[in-house]
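Comments concern the structure below.
Just so you know, these numbers come straight off a predicted model, no measurement behind them.
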Amino acid sequence: MLIAITGGIGSGKSYVCRLLEERGLQVYDCDRAAKRLMRSSSELQQALSQTVGEEVFPEGKLDKALLSRFIVSSEENALKIDEVVHPAVARDFVETGMEWLESAILFESGFCARVPFNYIVCVCAPLEVRIKRIMKRDSITREKALEWIDRQMSQEEKAVKSDFCIENDGQKDLNEQIDKMLDEINKTKE
């Protein structure tokens with residue numbers, strides 16, 4: 001059984017994942033894995049060097065600033081990096097044998113085409129709640145928070161493509177929603 005958790009920036013995906021981990025479920029964090037693989041996978045390092053240039057790994061260590069400049073310089077460059085990193089992360093996830101995965105860009109990255117998920121869970125929150133969370137977490141302006149939100153697939157589109165939606169609005173009981181979702185998922189395992 002493979003289950004993916006997604007949602008827009010500021011929706012509270014990571015918090016929902018912590019609540020799942022408190023229930024004994026391990027959740028694979030795609031962002032953390034991508035960073036780890038860029039540091040440790042010689043195969044990924046070689047692919048990044050071929051894409052960006054040898055100077056991206058001076059003395060064997062990733063030059064994050066150089067990689068960032070390459071990515072933001074054009075949409076084409078960003079896609080090139082995605083085509084190298086996302087398949088490596090998908091392979092790593094499958095190799096771990098874990099069932100749960102967290103990815104903010106699950107649909108955008110094509111992860112669903114690489115891994116056959118049984119269920120997709122979308123964590124949702126009202127726009128104003130998301131904006132406030134992002135501003136507080138990253139100490140940025142409202143305008144910058146909105147810019148980040150607008151760069152991602154809309155929350156509504158993610159919700160439509162998902163099997164479950166968890167409303168993380170600060171009002172509805174998250175534990176109750178998670179327990180109900182887990183009950184429904186476990187029924188299909190029996």
Side-chain angles (χ1 to χ4, degrees), residues 2 4-18 21 26-117 120 122-123 130-131 133-155 157-158 161:
L2 299 175
I5 299 173
T6 193
I9 185 171
S11 64
K13 291 176 306 301
S14 297
Y15 183 66
V16 168
C17 289
R18 277 198 299 279
E21 288 171 346
Q26 274 191 298
V27 181
Y28 181 95
D29 182 327
C30 285
D31 286 344
R32 207 174 306 151
K35 290 172 186 162
R36 173 180 50 81
L37 289 169
M38 283 191 255
R39 284 191 316 268
S40 65
S41 167
S42 57
E43 185 182 329
L44 181 55
Q45 289 175 357
Q46 184 178 4
L48 286 169
S49 293
Q50 289 171 346
T51 305
V52 180
E54 294 295 324
E55 64 276 10
V56 76
F57 284 100
E59 299 169 22
K61 191 171 182 200
L62 177 66
D63 183 335
K64 293 181 207 169
L66 177 68
L67 180 62
S68 293
R69 284 192 304 275
F70 180 84
I71 291 170
V72 299
S73 69
S74 75
E75 185 63 32
E76 183 184 340
N77 283 355
L79 289 171
K80 285 179 184 177
I81 297 302
D82 288 350
E83 289 169 6
V84 171
V85 175
H86 296 308
V89 173
R91 280 191 305 275
D92 188 64
F93 168 66
V94 170
E95 288 169 7
T96 67
M98 294 171 76
E99 292 185 336
W100 291 82
L101 170 137
E102 174 190 358
S103 173
I105 56 170
L106 182 76
F107 299 112
E108 300 94 311
S109 68
F111 218 108
C112 296
R114 292 182 183 94
V115 178
F117 291 102
I120 296 174
C122 183
V123 179
R130 294 172 64 199
I131 292 168
R133 286 176 182 161
I134 299 165
M135 288 171 63
K136 182 178 179 183
R137 181 190 72 195
D138 297 311
S139 301
I140 60 171
T141 65
R142 176 182 178 80
E143 291 73 27
K144 191 70 171 169
L146 276 167
E147 184 184 315
W148 288 1
I149 289 170
D150 289 341
R151 275 196 219 141
Q152 294 184 338
M153 178 186 287
S154 77
Q155 177 173 267
E157 193 174 347
K158 288 181 186 203
K161 294 179 176 210

(message) For the CD atom of Gln46 and the OG atom of Ser41, what is their distance to the nearest 0.5 Å?
(response) 9.5 Å
(request) Evaluate the criterion side-chain contact (heavy atoms from CB on, under 4.5 Å) for residue pair Leu2 and Leu101; output intermediate values, then yes/no. (result) CA-CA 8 Å; Leu2 299 175; Leu101 170 137; over 6 Å; no
(message) Would you compute the distance between atom CD of Glu75 and atom CG of Asp82 and round it to the nearest 0.5 angstrom?
(response) 8.0 Å
(message) Distance check, rounded to the nearest 0.5 Å: Lys80 atom NZ versus Thr51 atom OG1?
(response) 7.5 Å
(message) Once rounded to the nearest 0.5 Å, what's the spacing between atom CD1 of Ile81 and atom CD of Glu76?
(response) 11.5 Å
(message) Keeping Glu102 on the side-chain end and Ala4 on the backbone end, is there a donor-acceptor pair under 3.5 Å?
(response) no
(message) Quick test of your reading: applying ring-ring contact (aromatic ring centres under 6.0 Å, His included), list the pairs with at least one residue in residues 70-90, sequence neighbours left out, ordered by first then second residue.
(response) none
(request) Give a yes or no on whether a salt bridge exists between Arg18 and Glu21, defined as a side-chain N under 4.0 angstrom from a carboxylate O. (result) no
(request) Can you sort out the partners of Tyr28 under ring-ring contact (aromatic ring centres under 6.0 Å, His included), two or more places apart, ordered by chain and number? (result) Phe93
(message) Return the CD1 to CD1 distance between Ile131 and Ile9, rounded to the nearest 0.5 Å.
(response) 11.0 Å
(request) Any chance you could measure Asp29, atom CG, to Lys13, atom NZ, to the nearest 0.5 Å? (result) 9.5 Å
(request) For Ile105 and Thr6, work out which heavy atoms get closest and say how close. (result) N-OG1, 4.5 Å
(request) Please report the closest heavy-atom contact between Glu108 and Ala104, naming both atoms and the distance. (result) OE1-O, 4.0 Å
(request) Identify the heavy atoms of Ala90 and Arg114 that sit nearest to each other, and give their distance. (result) CB-CD, 3.8 Å
(message) If I compare all heavy atoms of Lys161 with all of Met153, which pair ends up nearest, and what's the gap?
(response) NZ-CE, 4.1 Å
(message) Are more than 12 heavy atoms, taken from residues, nucleotides or ligands other than Glu147, located less than 6.0 Å from that residue's CD atom?
(response) yes
(request) Starting from the C-alpha separation in whole Å, work towards a yes-or-no answer on salt bridge (charged side-chain N to carboxylate O under 4.0 Å, His left out) for Lys144 and Asp138. (result) CA-CA 10 Å; Lys144 191 70 171 169; Asp138 297 311; over 6 Å; no
(message) A quick test of your reading: do over 12 heavy atoms of other residues, nucleotides or ligands sit less than 6.0 Å from CZ of Arg151?
(response) yes
(message) Ignoring hydrogens, what is the shortest heavy-atom contact between Met135 and Ala145? Give both atom names and the distance.
(response) CG-CB, 4.1 Å
(request) Indicate yes or no: at least one non-hydrogen side-chain atom of Val89 is less than 4.5 angstrom from one of Phe111. (result) yes
(message) Looking at every heavy atom in both Arg133 and Ser11, which two are closest together, and how far apart are they?
(response) NH1-O, 3.0 Å
Only pairs under 3.5 Å count here: list side-chain donor-acceptor contacts from residues 52-67, not counting sequence neighbours, and write none if there are none.
unit_1 : atom_1 : unit_2 : atom_2 : d
Asp63  : OD1    : Ala65  : N      : 3.3
Asp63  : OD1    : Leu66  : N      : 3.0

